[in-house]
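Working notes, beginning with the structure itself.
A note on names: the letters A, B, ... follow the listed sequences, proteins ahead of strands, and every chain is numbered from 1.
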Amino acid sequence: MSSSRPSAFDALMSKARAAAKKKPQSEASPAKKRKTQELVSVKEVENASLDDAHQVFDKKSKQENVVKCGDNVGTEVLANGCKEGKVNLSLDEKLAVKKAEAVSLDESIAQLKNKPANFDPKKAAFWGEGKKVPFSFVTRVFDAVDKESGRIVITEIVCNMLRTVIQTSPDDLLPVVYLLANRIAPAHEGLELGIGDASIIKALAEACGCNEAQIRKQYKDLGDLGLVAKASRSSQSLMRKPEALTVTKVFNTFQLIAKESGKDSQEKKKNHIKALLVAATDFEPLYMIRLLQTKLRIGLAEQTLLAALGHAAYYSEKRFKPPANIDSPSEEAAKIVKQVYSVLPVYDKIIPAILTGGVWDLPKACCFTPGIPIGPMLAKPTKGVSEILDKFQDMEFTCEYKYDGERAQIHYLENGSVEIYSRNAERNTGKFPDVVSALSRLKKSSVSSFVLDCELVAYDREKKKILPFQVLSTRARKNVMISDIKVEVCIFAFDILYLNGQTLLQEQLNVRKEHLYKSFEEEPCYFQFATAMTSTDLEEIQKFLEDSVDASCEGLIIKTLSRDATYEPSKRSNNWLKLKKDYMESIGDSLDLVPIAAFHGRGKRTGVYGAFLLACYDSSSEAYQTICKIGTGFTEQVLEERSTSLRSKVIPKAKSYYRYADKISPDVWFETTEVWEVKAADLTISPVYCAAIGIVDSEKGISLRFPRLVRVREDKAPEQASSSEQVAEMYKAQKHTQKHYEDDDKDE
DNA sequence: TCTGACTGCCC
DNA sequence: ATTCTGC
DNA sequence: GCAGAATGGGCAGTCAGA
């Protein structure tokens, strides 16, 4: 190999050498090889849990089994098992049942990998027609999806799976879709599992008869609680299993878990999980746990599911014909389902509509409904005004202030009822009774119904000043009474999606804005239209950006006005761009900080550190003060390099001159060796970090909002990191903070 | 009755 | 929220 | 460029246990 090879090649080689070196030390492999690595670990787990009898069957006899028994036998046995709570089979017989089942399941999953055009949903069902869909079917599909990396193939597998359900057990389609979507109810219904890692670890520990420390250790090693569940289960693998889990059983149990509340509710939730775990086999524990964590991480999420649902609906349709002059009916169907979901994100309505009326009429059956939230339109980040002019060349566009508050979609119905939804479609009506009561006063009398898109911003009405987001977030959230409200808000309206019974979604923004302006009365401190300006002049826009920051805003949102300017629900489309100062290179708050500790990575970061604890340096006390954690901005290569480098700097416990709160307990502590440049949007007073403690606040330190890595400062030593004084100055220099201080001075 | 751990949801 | 990555 | 999956600070609400 000559030295004239491209440097990328050298990088690859050194990476390969590093990986090869690590293996014997049983270090985890690079994050990049996640899929492969996971396969290995799953396989190992599986092998470990195989009982001897299981292995008696070789592959050949498995296949014979399929051919001889066919689906019917397997299903009948399974069905019997379901009906009779007690199964009076000998151990051998039970193993045989298990075998037949597994074999047909394997065959079923193999069928799903056919191209949709060559797929026969009847051949893939290994359970009886009209019977409950086994949970194992779903988890095996998850496994099949996990092994694929291409979205197209994943969509095909899920599509075929859904067709199988539609063909065989259409009543189960809804719960199947809910599991695939990893949801338990529409977002606006506010149903929560109330289960996190801690509860799951407890349940796992009890279910496998070990202590929580052991589970936590495995979690660190495997990087996934689901894999821990899969591994742990083996300790009970010889115990008699209750009847096989079904999709509805699992889904209903999830809902039960969500509905438990009050005294001993944690205990009850835990028991539900344990009961499911005891009945789980094969891939079921793995994915059951991941579902409970709401982290499927198999490369399948909402958008892919919706596409697959569209495809499946198209292929399952014998009764209805697609519209003429359509290139690809399946892609068209996917588009329809996505569009419909963005406007009515309620599977409980969409699934029955697909089953009864097919996809082509779906937009008629499921359209925007006042009172039900639609996906808010999102904006894409841009790095500067020139990028905006570039993207919007020859387009009419307008610039608006980006307010630092809470996105709100306000529905006002004909009957006067009001609902307020968050950016994520959560119902927030009970949090903003003040907003609700103000609406009828703010709308003009000609207005009988509307859906308003706006930002609710904390507001000091005495001083007529916008307050920071951190103040807004202290508002009470549930069943708030107007008389108890301590933080007032001002509504900054910027769009209207529905007015007097008419949808405005398909109108261009300039039309919608006209409707907005003529439908509401501005009332300072209560309801204002977002400050806007239309210009194509770079310097004018730059100035407007400065103005927005001076006005305590985050920056600008730039929107097309008259062309490509319809409201695109849920889309981070190119029609809306956001421009924040900290996006721009060499602008915005940037600090040089020292990694002093780290946390083990999870998922695709298994084997490297997932996040680091950063500190600034206080020279007067010669102490390193924690300021934030950081976990984004790393390329895989940089994360690998930093992890390797810092792994050799691990110390048994924190240095005496590290200042940190006990609440933070990293997995490892480091010597101070490196300096990293970190960018942030804001500096905030923190309840847990210690930076500049005693300067701005006597007890609290300072932290960073939206921290991310910019680069490693090879040229700096830890003592040259940003100082506490610098941090404090940066905090004080912030617009809203500054004003706060001026006001304080006046008061005193 | 208070507190701390945990969770979900804002950004 | 921000950022990175495979397709 | 999409879609997905890593990860951030910090708040209120809930519940278990002191």
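- Within the structure, the ring-ring contact (aromatic ring centres under 6.0 Å, His included) test picks out the following pairs touching residues 624-643 of chain A (sequence neighbours left out): A/F612-A/F634, A/Y617-A/Y624, A/F634-A/W676.
- With A/K431 as reference, A/E406 is the one residue of A/E406, A/E426, A/E419 to meet the salt bridge (charged side-chain N to carboxylate O under 4.0 Å, His left out) rule.
- Nucleotide C/dA1 holds its P atom 8 Å from the CZ atom of A/R407, rounded to whole Å.
- Here A/K581 does not pair with A/D589 in a salt bridge; the nearest charged N to carboxylate O distance is not below 4.0 Å.
- With respect to A/R642 and A/E674, a salt bridge is recorded, a charged nitrogen being found less than 4.0 Å from a carboxylate O.
- The CD-C1' distance, from A/E212 to B/dA5, rounds to 12 Å in whole Å.
- In this structure, of C/dC7, D/dG8, B/dC10, it is B/dC10 that holds the atom nearest to the side chain of A/E426.
- Here the straight-line distance linking atom CD of A/E206 with atom CD1 of A/I273 works out to 10.5 Å at 0.5 Å rounding.
- Summarising the geometry, the separation between CG on A/L292 and P on B/dC6 is reported as 17 Å, rounded to the nearest angstrom.
- Between A/Y403 and A/F492, the two ring planes are parallel [angle under 30°; tilted spans 30° to 60°].
- For A/R475 and A/K338, each mapped to the nucleotide of DNA chain D holding its nearest heavy atom, the one lying further toward the 5' end belongs to A/K338.
- Nucleic acid contact class of A/R477 (heavy atoms, under 4.0 Å, all strands): base.
- Between A/D197 and A/K202, none of the side-chain N atoms (NZ, or NE/NH1/NH2) sits under 4.0 Å from a carboxylate O, so this pair counts as no salt bridge.
- Look at NZ on A/K259: it is 18 Å from P on D/dT14, rounded to the nearest Å.
- Between A/N428 and B/dC10, a side-chain N or O to OP1/OP2 separation shorter than 4.0 Å is present.
- Considering SG of A/C159 and CD1 of A/I154, their distance stands at 13.5 Å, rounded to 0.5 Å.
- If A/F634 and A/K402 are placed on DNA chain C by their nearest nucleotide, the residue sitting closer to the 5' end is A/K402.
- Both A/I152 and A/E554 lie close to DNA chain C; mapped to their nearest nucleotides by heavy-atom distance, the more 5′-ward contact belongs to A/E554.
- Atom CZ of A/R183 and atom P of B/dG8 are 14 Å apart (whole Å).
- In this structure, CG on A/L456 lies 8.0 Å from CZ on A/R475, to the nearest 0.5 angstrom.
- Taking side-chain N and O atoms only, A/R297 has a distance below 4.0 Å to OP1 or OP2 of D/dA6.
- Place A/T684 and A/S261 on DNA chain D by their nearest nucleotides, and A/T684 ends up nearer the 5' end.
- Nucleotides B/dT3 and C/dG6 have their P atoms positioned 50 Å apart, rounded to a whole Å.
- An OP1 or OP2 oxygen of B/dT7 is reached within less than 4.0 angstrom by a side-chain nitrogen or oxygen of A/S199.
- Here A/P381 lies out of heavy-atom contact (under 4.0 Å) with every strand.
- Of the residues in residues 571-588 of chain A, those with a non-hydrogen atom less than 4.0 angstrom from any atom of DNA chain D are A/N574.
- For D/dT7, the base has no donor-acceptor partner in the side chain of A/T632 [N/O atoms by modelled type, under 3.5 angstrom].
- Considering only side-chain atoms of A/Q303, the nucleotide from D/dG10, C/dT5, D/dG4 that sits closest is D/dG4.
- Between D/dG10, D/dG9, D/dT7, one nucleotide has an atom nearer to the side chain of A/K295 than all others, and that is D/dT7.
- Phosphate contact (OP1/OP2 of D/dG10, side-chain N/O of A/S686, threshold under 4.0 Å): present.
- Residue A/Q470 places its side chain closer to D/dG10 than to any other of B/dC10, B/dC9, D/dG10.
- For the pair A/K402 and A/E455, the salt-bridge criterion is not met [side-chain N within less than 4.0 Å of a carboxylate O].
- Distances shorter than 4.0 Å separate some side-chain N or O of A/R708 from OP1 or OP2 on C/dT3.
- Backbone-only contact: A/K380 has heavy atoms under 4.0 Å from sugar-phosphate atoms and none from a base.
- Atom C1' of nucleotide C/dT3 and atom CZ of A/R642 are separated by 18 Å, given to the nearest angstrom.
- Contact annotation for A/L704: backbone-only contact, meaning every heavy-atom pair under 4.0 Å involves sugar-phosphate atoms and none involves a base.
- Salt bridge annotation for A/D582-A/R708: present, with a cationic side-chain nitrogen under 4.0 angstrom from a carboxylate oxygen.
- Nucleic acid contact for A/L709: none, since no nucleic acid atom lies under 4.0 Å from a heavy atom of the residue.
- Looking at heavy-atom distances under 4.0 Å, A/R151 makes contact with a base.
- Closest to the side chain of A/K629, out of D/dA6, D/dA12, D/dG8, is D/dG8.
- The residue A/L300 sits close only to the backbone: its heavy atoms come under 4.0 Å of sugar-phosphate atoms, none of a base.
- Using a 4.0 Å cutoff on non-hydrogen atoms, the parts of residues 262-270 of chain A near DNA chain D are A/G262, A/K263, A/D264, A/S265, A/Q266, ordered by number.
- Salt bridge absent: A/E331 and A/K335 never bring a charged side-chain N and a carboxylate O closer than 4.0 Å.
- Using a 4.0 Å heavy-atom criterion, one finds that A/I685 contacts the sugar-phosphate atoms exclusively.
- When the C1' atom is used for both B/dA5 and C/dC4, the distance is 32 Å, rounded to whole Å.
- Nearest nucleotide to the A/E192 side chain, out of B/dC11, B/dT7, B/dC9: B/dC9.
- Taking 4.0 angstrom as the limit, A/K604 places none of its side-chain polar atoms (N or O) nearer than this to OP1 or OP2 of D/dA5.
- To the nearest angstrom, P of B/dG8 lies 11 Å from CG of A/L191.
- Atom CZ in A/R605 sits about 13 Å away from atom P in C/dT3, given to the nearest Å.
- A salt bridge does not link A/D224 to A/K295: none of the charged nitrogens lies less than 4.0 Å from a carboxylate oxygen.
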